[in-house]
Amino acid sequence: ARAGTASLTGPGEGIRARAVAVVADLLAVAQGHRTHPHPFGVARVGARFVPEYSAQFYLRLDYSDTFGIVRQVGEICERCGVNIHSLLQNPIRAGELATFVIVTDRVTSGEVRRAAAMLEALDWCR
């Protein structure tokens with residue numbers, strides 16, 4: 001099952017600590033626990049939602065293997081102004097769906113959204 005798009009920013013405690021916190025939150029919701037409506041206190045006057053921000057992003061691509069995927073990803077990222085910091089692709093077995101992940105350099109959320117939309121439109125992207 002797919003959960004949709006997720007964006008996590010800011011300093012973390014490391015992958016294990018974050019995963020434990022996410023699982024604990026999911027279990028709490030499933031068990032019917034409720035949280036305080038303002039867990040960090042009353043909203044500050046003047047606080048505002050910022051729809052566009054700069055950060056490093058983590059992109060996970062599930063795909064059906066074919067020739068030229070990494071090249072296409074690089075070209076789309078270049079067109080959208082998204083510089084790739086690192087890319088990890090595990091070995092692929094014939095006939096299997098595969099996954100690779102990209103960590104970007106610091107870019108804007110809009111640039112990443114544009115790149116993600118273009119990538120999702122490709123026939124090999126799952």
Side-chain angles (χ1 to χ4, degrees):
R2 292 184 70 130
T5 303
S7 176
L8 304 171
T9 63
E13 302 85 28
I15 191 165
R16 287 181 182 82
R18 184 176 299 131
V20 168
V22 169
V23 170
D25 289 347
L26 291 173
L27 287 172
V29 169
Q31 293 171 349
H33 296 286
R34 304 196 92 169
T35 61
H36 187 277
H38 300 288
F40 302 109
V42 177
R44 290 184 230 141
V45 175
R48 61 186 173 82
F49 174 72
V50 180
E52 183 75 16
Y53 55 93
S54 293
Q56 281 189 286
F57 291 85
Y58 171 94
L59 303 172
R60 175 185 168 152
L61 290 106
D62 295 325
Y63 62 97
S64 297
D65 193 28
T66 189
F67 292 105
I69 290 175
V70 173
R71 177 188 49 79
Q72 287 180 323
V73 169
E75 289 171 353
I76 287 172
C77 286
E78 181 181 22
R79 254 183 272 148
C80 295
V82 174
N83 196 42
I84 297 172
H85 175 76
S86 64
L87 183 143
L88 172 64
Q89 179 182 25
N90 288 327
I92 303 164
R93 293 190 181 115
E96 288 186 350
L97 285 179
T99 300
F100 67 85
V101 296
I102 296 170
V103 176
T104 70
D105 281 334
R106 190 171 189 86
V107 296
T108 68
S109 55
E111 291 165 335
V112 169
R113 279 193 299 274
R114 281 190 296 282
M118 292 173 75
L119 291 167
E120 286 177 342
L122 297 172
D123 60 346
W124 51 258
C125 191
R126 302 287 172 241

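Note that the structure is a prediction, hence the values are computed from the model and not measured.
None of I102, V103, V101 except one satisfies the side chain to side chain contact (heavy atoms under 4.5 Å, CB included) rule with L87; the exception is I102.
With rounding to the nearest 0.5 angstrom, the CG atom of L122 is 12.0 Å from the OG atom of S64. Taken from CZ in R60 to CG in L88, the straight-line distance is 11.5 Å, to the nearest 0.5 Å. Rounding to the nearest 0.5 Å gives a distance of 7.5 Å between SG of C80 and CG of L119. Note that the CZ atom of R106 and the OH atom of Y53 stand 11.0 Å from one another [nearest 0.5 Å]. Interatomic distance, H85 NE2 to T104 OG1, rounded to the nearest 0.5 Å: 9.0 Å. How far OG of S109 is from CZ of R114: 9.0 Å, rounded to the nearest 0.5 Å.
Between the E52 side chain and the T108 main chain, no donor and acceptor come within less than 3.5 Å of each other.
Pairing each heavy atom of Y63 with each of Q89, the nearest pair is OH-NE2, 2.5 Å. Nearest heavy atoms, N83 versus V107: N-CG1, 3.9 Å.
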What do the steps show when you test V82 against F57 for side chain to side chain contact (heavy atoms under 4.5 Å, CB included), and what is the final call? CA-CA 10 Å; V82 174; F57 291 85; over 6 Å; no
Check against side chain to side chain contact (heavy atoms under 4.5 Å, CB included), L61 and W124: CA-CA 10 Å; L61 290 106; W124 51 258; 4.1 Å; yes
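When the shell of 6.0 Å around CD of E78 is examined, it contains 12 or fewer heavy atoms from other residues, nucleotides or ligands.
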